[in-house]
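Notes follow once the structure below has been shown.
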Amino acid sequence: MKPFTANVIAIIKQIPEGRVMTYGQIARAAGSPRAARQVVRILHSMSKKHRLPWHRVINAKGQVAIKDEVTAMEQKWQLEAEGVEVSQKGEIDLVRYQFHVLSEPDNNITL
DNA sequence: AAGGTGACTGTCA
DNA sequence: CTGACAGCCACCT
């Protein structure tokens, strides 16, 4: 398992209930700012083997990005069960529910 | 082993 | 605001 993968898993496991994170956000926190898609892949495979709160991970638009309706609906349920308001379209208020990572690598993000 | 793929993202029109 | 494009890179076949 690569460090990146381990980071992603570790980060996802840190997401508290009632909070969500975006794929890109996790990717950055894991050390690969452009690896949002890998986060997705990792989420897929790892959620099958581990117990990850994959439902707390959404896309940058603050919406459920799942194409599979059944799975998407299940994610919505999971989130609502944790107190996250999800619109009928699967929209989530990131300003309210986005979780900020605590253990971010020393990414000197200089603007 | 090599190539295809994707539950993404930022930019441009 | 929506849609199209291209970059991205670990996982799967």
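These figures come from a predicted structure and were not determined experimentally.
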Rounded to the nearest Å, what distance is computed from the [atom1] atom of residue [X] to the [atom2] atom of nucleotide [N]?
{"X": "Tyr23(A)", "N": "dC8(B)", "atom1": "OH", "atom2": "P", "answer": "6 Å"}
{"X": "Arg34(A)", "N": "dC8(B)", "atom1": "CZ", "atom2": "C1'", "answer": "12 Å"}
{"X": "Asn59(A)", "N": "dT2(C)", "atom1": "CG", "atom2": "C1'", "answer": "15 Å"}
{"X": "His44(A)", "N": "dG4(B)", "atom1": "NE2", "atom2": "C1'", "answer": "16 Å"}
{"X": "Gln78(A)", "N": "dA7(B)", "atom1": "CD", "atom2": "P", "answer": "18 Å"}
{"X": "Gln25(A)", "N": "dG10(B)", "atom1": "CD", "atom2": "P", "answer": "11 Å"}
{"X": "Ile26(A)", "N": "dT9(B)", "atom1": "CD1", "atom2": "P", "answer": "10 Å"}
{"X": "Met21(A)", "N": "dC8(B)", "atom1": "CE", "atom2": "P", "answer": "16 Å"}

Check the interface with nucleotides 10-13 of chain C: list each N/O to N/O pair with the protein under 3.5 Å, or write none.
| from | atom 1 | to | atom 2 | distance (Å) |
| --- | --- | --- | --- | --- |
| dC11(C) | OP1 | Thr5(A) | OG1 | 3.2 |

Could you give all pairs that pass the side chain to side chain donor-acceptor pair (under 3.5 Å) test and reach residues 29-39 of chain A, with sequence neighbours left out?
none
Tell me the closest heavy-atom pair linking [X] and [Y], and the distance in Å.
{"X": "Thr22(A)", "Y": "Val57(A)", "value": "C-CG1, 4.4 Å"}
{"X": "Leu94(A)", "Y": "Lys61(A)", "value": "CD1-C, 4.3 Å"}
{"X": "Ala30(A)", "Y": "Ile11(A)", "value": "N-CD1, 3.5 Å"}

Can you give the dot-bracket line for DNA chain B, using ( ) for pairs inside the strand, [ ] for pairs that cross earlier ones, | for pairs with another strand and . for unpaired bases, where Watson-Crick and G-U count if both distances are under 3.5 Å?
.|||||.||||||
Those residues that, when tested against [X], pass salt bridge (Lys or Arg N to Asp or Glu O under 4.0 Å) (two or more places apart):
{"X": "Glu85(A)", "result": "Arg96(A)"}
{"X": "Arg56(A)", "result": "Glu82(A)"}
{"X": "Glu80(A)", "result": "none"}

Compare the minimum distances between each of dG10(B), dG7(C), dA7(B) and the side chain of Arg37(A), then state the nucleotide with the smallest one.
dG7(C)
Would you check if Tyr23(A) and Val8(A) make a side-chain contact, meaning some heavy-atom pair closer than 4.5 Å?
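The answer is no, as the side chains (C-beta and beyond) never meet within the 4.5 Å cut-off.
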Is the side chain of Glu17(A) donor-acceptor paired with the backbone N or O of Leu79(A) at a distance under 3.5 Å, no angle test?
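Checked: no pair found.
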